[in-house]
Visitor: 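Quick one: the structure is below, and I'll ask about it shortly.
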Amino acid sequence: MTQPNNPPPTDFIRDFIEDDLKTNKNDGVVAVRFPPEPNGYIHIGHAKSVCLNFGIAAQYGGTCNLRMDDTDPAGESLEYVDSIIHDIHWLGFDWQGRLFFASDYFEQLYQFAVALIKAGKAYVCSLSAEETREHRGSFTEPGIDSPYRNRSIEENIDLFARMRAGEFPDGEHVLRAKIDMAASNIVMRDPIMYRIKREPHFRTGTDWVIYPMYDFAHCLSDALEGITYSICTLEFENNRPLYDWFVEQLIPGRRPRQIEFARLNVSYTVLSKRRLIELVEKKYVSGWDDPRMPTVAGMRRRGYTPEAIRKFAAAIGVAKNDNLVDVALLEHCVREDLNERAPRAMAVLRPLRVVIDNYPENQVEEFECPNHPQNPEMGTRKVPFSRVLYIEHDDFLEDPPKKYHRLGPGREVRLRNAYVIRYESMVKNEQTGQIEEIHCTYDPETRNAPPADGRKIPGVIHWIAADHAVPAEVRLYDRLFRVPEPKDENYTADLNPDSLAILAKCYVEASLKDTIPGTGYQFERLGYFCADLKDSRPGKPVFNRIVPLRDSWAKIAGSPH
RNA sequence: UGGGAGAUCGUUCAAUGGUAGGACAACGGACUCUGACUCCGUGAAUCAAGGUUCAAAUCCUUGUCUCCCAGCCA
């Protein structure tokens, strides 16, 4: 299959870079970075940024660093670092060895801070957190200067050294930039550069008790790495003047350009780290890789492919508008990708026993079934057929409505890749009235051929030969939330109680018995499924539904959805 | 309320003073041994009001609405 030649994406950030390239702004250098804080797993929103940054680097012959923004030891860990590395690789990107940590710059950053003190542009402030807040003013009122603002340079250097040496308890002092307490932009009102925090850091251990703040560390890390475009999300727009201020004071001449774009929101899920952590910790989901989670790990386990996620990232574009992207677009991208690459197979989720009365008792035929209807290169597989089968319970109706193409009293239907069968009778449970079994006859002439008399068979249904059926557990996933935009407060009330349905007694065709976890199949007429990465075992497969097929019958019949 | 940013089909991204276009979603049809896929088609938008211009989504003015900022988080 030939890939359509997609034109390279365009957006306002690429336009900006191309303008620079035309004027040879940074000697043609395009250096970007993806800077996650290792305090959680990355999710589809990060994936957008990963695709953006690595995509830009690739497109313009530049580089993209991976930098762990580990300036606040609370909540950060190696587990998260490892997961981030794994997830970005899985998404299909590589930083060619340029993995950095903000914590690698701690000493350098400390020296920068000292330099700023010596320049009379930073001071040790001994206000409490609460006093600091009060001094900061409000949106409408200017702040007032800290009483410690005019400490001598010598005293500041001494105090800052002793902060580092661990002479003070947490919160006793902070280092602040001396800018302007009356600035209309609150970010510029003598922002805090360092705080004392006795929290072991997963990389530097207890070497440090002072840690740089984001605003101080991030811009200088960018400058140190020679980043030319520092792409971040919209909420940092207010911080850009401060970003520029620190670079200007300390590494003048290097001026990474911060460009902000709108973070991604997706309907029927949540993407804030706080809420994702809560879903995991309060066990609303089974973990960061729960297949319902919007994390990269969750989507991988669900069976979404990297290609689908990249396709989605390209489809949503990059702009500055607040957005709420319909999850249907993500699902569309997953289907589009899987439709091309997923081999077809048959599985019966809610089995109904069917006996073919005129089929010989002990006969077994093997049908050669194509693995893909449009792509013969994907080959064929053998599927056994015998007298007793299972079909989907939905595919038989005692009293079918108009337009129903499946099996019912007096009806014929084609068994996919096999014969046409005709309904003869049914067996009901005497107590419950449930249909337990139906009896049919088959037309031997219809294997690989339409009925000889030219009659039309309106329906095709899937099936499994009972003697060869492999029992399987199938997990049906639905959206995690029942509303498009879960409310901020008490969002757990919006959780979808039906986001997971476990079907313990399903059957899959024999070829799937030892299926490799993680590879996607289309179970024909049902959807895309893959064996679960964690729980599936050879001989005892457990399948996740990745996404159902589009179902225009469900619309006609009036689906519960 | 001060500052910053943004308003285009239901959703999302384009159109960079010159035919408002694509994708998703919706709806209709064709095809079909998957009610899938594919194909064809339909409906659907410039926040408002003024102004500049031969011509405005785009420029100007005024207004409206939404988002972000008062962590020793990022």
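Since the model is a prediction, treat every value here as computed from it, not as a measurement. Heavy atoms only: backbone and side chains are in, while hydrogens, waters and symmetry mates are out. Order of the sequence lines sets the chain letters (A, B, ...), proteins ahead of strands, with each chain counted from 1.
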Visitor: Would you kindly check whether a donor in the side chain of A:Asn321 faces an acceptor in the base of B:rG6, or vice versa, at under 3.5 angstrom?
Guide: no
Visitor: What is the distance from atom CD1 of A:Ile192 to atom CZ of A:Phe216, rounded to the nearest 0.5 Å?
Guide: 13.5 Å
Visitor: Is B:rG22 in the syn range, within 90° of 0, or in the anti range?
Guide: anti
Visitor: Answer yes when A:Arg406 and A:Glu392 have at least one side-chain N-carboxylate O distance shorter than 4.0 Å, and no when they do not.
Guide: no
Visitor: So, does A:Ser128 get its side chain near the phosphate of B:rC72, meaning an N or O under 4.0 Å from OP1 or OP2?
Guide: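 So the side chain of A:Ser128 is outside the cut-off, no N or O lying under 4.0 Å from OP1 or OP2 of B:rC72.
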Visitor: Taking only side-chain N and O atoms of A:Arg344, does any of them lie within less than 4.0 angstrom of OP1 or OP2 on B:rC37?
Guide: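 Result: no.
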Visitor: Check whether any side-chain N or O of A:Lys555 sits under 4.0 Å from OP1 or OP2 of B:rA26, and answer yes or no.
Guide: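 True: A:Lys555 side-chain N/O within range (under 4.0 Å) of B:rA26 OP1/OP2.
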Visitor: Could you tell me whether A:Val318 contacts a base, only the sugar-phosphate backbone, or nothing, with contacts defined as non-hydrogen atoms closer than 4.0 Å?
Guide: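 Sugar-phosphate, backbone atoms only, no base.
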Visitor: With sugar-phosphate meaning primed atoms plus P, OP1 and OP2, does A:Arg240 contact a base, only sugar-phosphate, or nothing at under 4.0 Å between heavy atoms?
Guide: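 Nothing, no heavy atom under 4.0 Å.
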Visitor: Scan A:Leu324 against the nucleic acid and name what it touches under 4.0 Å (heavy atoms): base, sugar-phosphate only, or nothing.
Guide: sugar-phosphate
Visitor: Assess whether a salt bridge exists between A:Arg162 and A:Glu172, defined as any Lys/Arg side-chain N lying under 4.0 Å from an Asp/Glu carboxylate O.
Guide: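 A salt bridge is absent here (no side-chain N lies under 4.0 Å from a carboxylate O).
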Visitor: Nearest to the side chain of A:Asp15, heavy atoms from C-beta on, is which of B:rC13, B:rC24, B:rU16?
Guide: B:rU16
Visitor: With a 4.0 Å cutoff (strictly under), does any side-chain N or O of A:Lys320 reach OP1 or OP2 of B:rC68?
Guide: no
Visitor: On RNA chain B, compare the nucleotides closest to A:Glu237 and A:Tyr419; which residue's is nearer the 5' end?
Guide: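 This one resolves to A:Glu237.
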